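Chain naming here is simple, since letters A, B, ... match the order of the sequence lines and numbering starts at 1 in each. Remember, predicted model here, so these are calculated numbers, not experimental data.
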Amino acid sequence: MTEVEKTSIDYAQFPDKKGHFGIYGGRFVSETLMPALDELEEMYNRLKDDPSFQKEFDEDLAHYVGRPSPLYYAQRWSDRLGGAKIYLKREDLNHTGAHKVNNTIGQALLAKYSGKSRIIAETGAGQHGVASATVAARLGLQCEVYMGADDVKRQSLNVYRMKLLGAKVHAVTSGSRTLKDAMNEAMRDWVTNVDDTFYIIGTVAGPHPYPQLVRDFQCVIGREAREQCLEMTGKLPDALVACVGGGSNAIGLFHPFLEDEDVKIYGVEAGGHGVETGEHAAPLNDGVPGVLHGNRTYLMEDEDGQIIETHSVSAGLDYPGVGPEHAWLKDIGRAEYVAINDDEAMDAFRDLTRIEGIMPALESSHALAYAAKLAPTMGKDEVIVVNLSGRGDKDILTVAAIDGIEV
Amino acid sequence: MNRINQTLEKTRQEGRKALVTYIVCGDPVVDATLVTMHKMVASGVDIIELGVPFSDPMAEGPVIALGHERALANKTSLKSTMAVVKAFRETNNDTPVVLMGYANPVERMGYEVFAQRASEAGGDGLLTVDLPPEEAEPLNEQLKKVGIENIFLIAPTTTKDRAQQIANLAGGFLYYVSLKGVTGAGHLDVGSVEAKLAELRQLTDLPICVGFGIKDAQTAKAIAKTADGAVVGSLLVDKMGALAEQPAEDIADAVVDLIRPIREGLDELKS
């Protein structure tokens, strides 16, 4: 094992006491919610170092989610690409089919400890909605999920899964009818029902302490990957790659490696029709800092500060903001954020399916597409770990539509 | 002295309750805003809150959220809202105007530039729904330089410590949110408002206006008993939206018809 140099930044100290990562993060919500956030923060600070809470979380991850998820050497694909060895962190094998459940398990435990009887969630692709409905069913909590009306259409399988699990799904018809509007509507519900409702935010965005606690719950991905990589390759990876919408799977993989300066970190945003066309969902590539959904971060907006519509083939990446910690990691140069467009992601989806027999989610396909570009530029003894954040079953209808096939 | 403080000082001396009205700039048609502002003043409105439309108005109920959508469809921006304030000031130098909206358009313009321009246009206050005291200090600093008051919300959930912290930062008046919910919600509890206001009075001498959920003269009167003023918004925005196809004058007259009984109701409380 090689000893890697530590950087001077103590990443564990972020966010600061007011929830800031540099100038990003914070708490930008209406006054009604501020006391609820204070309460949540206080409870989380108490529980996160409580061994019995941690034990319950770890046991749920082991026996209910099926962790640890494997790290898989995609040898055939790596050989084809002709460069670095690509290892896939198999979050697609988790119960419910994506990394999202790591966080909902954690937040459902918080909901249980808080004594609230009702949970709400927003969802884009539906994975977080399904994961929330799942933990609600298991804990006997009432669950309502807000989903943009357009996403309800393109992710109809997940909508039906949520209904089977007993959740009520609200199709949100305001604004651009996608994830951001679902989040607005969830916030409106929360402000109205704040006494008995726990809001399970699905990504590392929103007001403090959400970006912190979602990150902490997702860090199991990176901790496992670190150990598994050392065990399988005898060293740390040379590069990490993960897709970034809100950025929870990415921060979960990246965070345990931040102090390992020699590990290069790449976050992959949705380039849609191409960053140069303006039709994309890549605020870290083509956005500016602003305030939305409770935090300051990079946003896609016009010159008047109005949030603009985004485009991505993948519903889970179709969001105009990004977690504040990513905004900060970009500014300090610790991570590099690139974009992959729809077509490139579709190619990676097909390649991994045909070459490795693994059907990735369209979100994860963005990370795979970038890894496919990166690998040939690296040596054969170098290692890339890609977060395969979810499985592609939910996307089959989208892919079929692109292929002009009626299923 | 800022127009807000002057006005509320005057209503207090006269033993009157202040009537504060909210409309969205550029809603439902661009030329309805200015004429409605003037007619509201003529029918006894003391303070105008002019909504700055935002693409993601998280604190609004469906009625005002639609108002924001209509205003944006009419290409209304923070800049054009300031232009309307400036035009209003050409013939009205007394009625305070509070710009009410969300943080991002102000962030995009830049705090310093915003303060400069808002002051030049003749604005008197700013209320940013999603900018709690914890995040407000850099903006406050700029607003102070130009004498614009930062209006803060206090909610039923606000603890005593927080209320004190907010009162220390706030200017103009405190806006008490009468219920847990979004604008225009229908579950007003007059008793709990009275109790909370009594608590707030012990913390601050700032005037307190109450809004969210006031639908008619009766609710306005009940709420204003213990408050310095009542804020009416959704009621007006709903009507204006329904009349989108009508001439601007008619829209403004319809707003006046809604305001008149509320003004009369409040005046029955005159001491």
Side-chain angles (χ1 to χ4, degrees), chain A residues 17-20 23 25-39 172-176 179-197 206-208 288-297 299-309 320-321, chain B residues 52-62 65-66 68-69 71-72 75-81 101-110 114 128-136 138 152-159 161-163 165-166 174-177 179-183 185 187 212:
Chain A
K17 284 208 166 64
K18 287 174 116 182
H20 294 129
I23 65 164
R27 202 177 262 179
F28 297 84
V29 296
S30 60
E31 175 58 25
T32 311
L33 293 177
M34 290 299 287
L37 291 166
D38 280 340
E39 244 173 66
V172 176
T173 54
S174 58
S176 64
L179 179 54
K180 82 173 174 73
D181 310 284
M183 199 150 176
N184 292 337
E185 213 54 44
M187 287 273 187
R188 290 175 183 133
D189 180 313
W190 197 30
V191 86
T192 306
N193 302 295
V194 63
D195 291 334
D196 70 345
T197 297
H208 178 64
V288 295
V291 171
L292 179 71
H293 292 153
N295 58 165
R296 184 179 282 121
T297 187
L299 298 173
M300 306 250 314
E301 60 175 57
D302 67 15
E303 57 184 18
D304 296 320
Q306 307 295 346
I307 308 305
I308 56 177
E309 284 188 28
Chain B
V52 182
F54 183 49
S55 52
D56 295 82
M58 285 186 311
E60 314 300 345
L66 278 174
H68 282 241
E69 284 189 21
L72 288 175
K75 308 255 184 275
T76 310
S77 64
L78 179 52
K79 252 189 235 166
S80 67
T81 304
Y102 292 79
N104 202 51
V106 179
E107 288 251 335
R108 181 68 191 234
M109 185 174 277
F114 169 82
T128 29
V129 180
D130 53 351
L131 202 67
E134 283 83 347
E135 304 285 355
F152 282 91
L153 300 173
I154 289 189
T157 52
T158 306
T159 59
D161 285 353
R162 283 192 63 80
Q165 187 192 354
I166 293 168
L174 288 174
Y175 186 135
Y176 182 67
V177 176
L179 47 80
K180 291 171 203 158
V182 292
T183 49
H187 50 277
F212 282 43

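Ranked by heavy-atom pairs under 4.5 Å with chain A, the first of B:Asp56, B:Thr128, B:Val129 is B:Asp56. Between chain A and the residues B:Ser77, B:Pro132, B:Ala103, B:Pro105, the most heavy-atom pairs under 4.5 angstrom are made by B:Pro132. Ranked by non-hydrogen atom pairs under 4.5 Å with chain B, the options A:Leu33, A:Asp189, A:Leu292 are led by A:Leu292. Of the residues considered (A:Lys18, A:Met183, A:Arg27), A:Arg27 shows the highest number of contacts with chain B, using heavy-atom pairs under 4.5 Å. In terms of heavy-atom pairs under 4.5 Å with chain A, the best-connected choice from B:Glu69, B:Arg162, B:Lys79 is B:Arg162. Note on A:Pro35, A:Pro207, A:Gly290, A:Gly19: by heavy-atom pairs under 4.5 Å with chain B, the leading option is A:Pro35.
Closest heavy-atom contact between A:Lys180 and B:Ser55: NZ-O, 4.0 Å. The heavy-atom pair separating A:Gly26 from B:Glu135 by the smallest distance is CA-OE2, 3.2 Å.
Heavy atoms closer than 4.5 Å to chain A are found in both the backbone and the side chain of B:Glu134. Only the backbone of B:Pro53 comes within contact range of chain A, with at least one heavy atom under 4.5 Å from a heavy atom of that chain. Of the atoms belonging to B:Leu153, heavy atoms from both backbone and side chain fall under 4.5 Å from chain A. Interface remark: A:Val194 contributes side-chain atoms only to the contact with chain B (heavy atom separation under 4.5 Å). For A:Leu299, the part lying near chain B is the side chain, with the backbone staying farther off; criterion is any non-hydrogen pair under 4.5 Å. In this structure, the portions of A:Glu301 lying under 4.5 Å from any heavy atom of chain B include both its backbone and its side chain. Contacts between A:Asp38 and chain B at a heavy-atom distance below 4.5 Å involve the side chain alone, from C-beta outward. Residue A:His293 touches chain B through both its backbone and its side chain, counting heavy-atom pairs closer than 4.5 Å. In this structure, chain A has no heavy atom under 4.5 Å from any part of B:Ala185.
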Take A:Thr192 and B:Leu179 through the test side chain to side chain contact (heavy atoms under 4.5 Å, CB included) and record every step on the way to the result. CA-CA 8 Å; A:Thr192 306; B:Leu179 47 80; over 6 Å; no
Dump the intermediate steps for side chain to side chain contact (heavy atoms under 4.5 Å, CB included) on B:Val182 and A:Val191, then the final yes or no. CA-CA 7 Å; B:Val182 292; A:Val191 86; 3.8 Å; yes
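Using modelled atom types, one side-chain atom of B:Thr157 and one backbone atom of A:Thr32 make a donor-acceptor pair closer than 3.5 Å. In this structure a side-chain-to-backbone donor-acceptor pair under 3.5 Å is present from B:Asn104 to A:Val291. Judged by distance alone, the side chain of B:Arg108 and the main-chain N or O of A:Gln306 form no donor-acceptor pair under 3.5 Å.
Residue A:Phe28 holds its CZ atom at 11.0 Å from CE of B:Met58, rounded to the nearest 0.5 Å. A distance of 10.0 Å separates CE in A:Met34 from OG1 in B:Thr159, rounded to the nearest 0.5 Å.
Looking at residues two or more places apart in sequence or on another chain, you find no side chain to side chain contact (heavy atoms under 4.5 Å, CB included) involving A:Ile23. B:His68 pairs by the ring-ring contact (aromatic ring centres under 6.0 Å, His included) definition with nothing, not counting sequence neighbours.
Here the side chains of B:Pro57 and A:Arg188 are in contact, with some heavy-atom distance below 4.5 Å.
Partner of A:Glu31 under the side-chain contact (heavy atoms from CB on, under 4.5 Å) criterion, out of B:Asp130, B:Leu131, B:Val177, B:Ile166: B:Ile166 alone.
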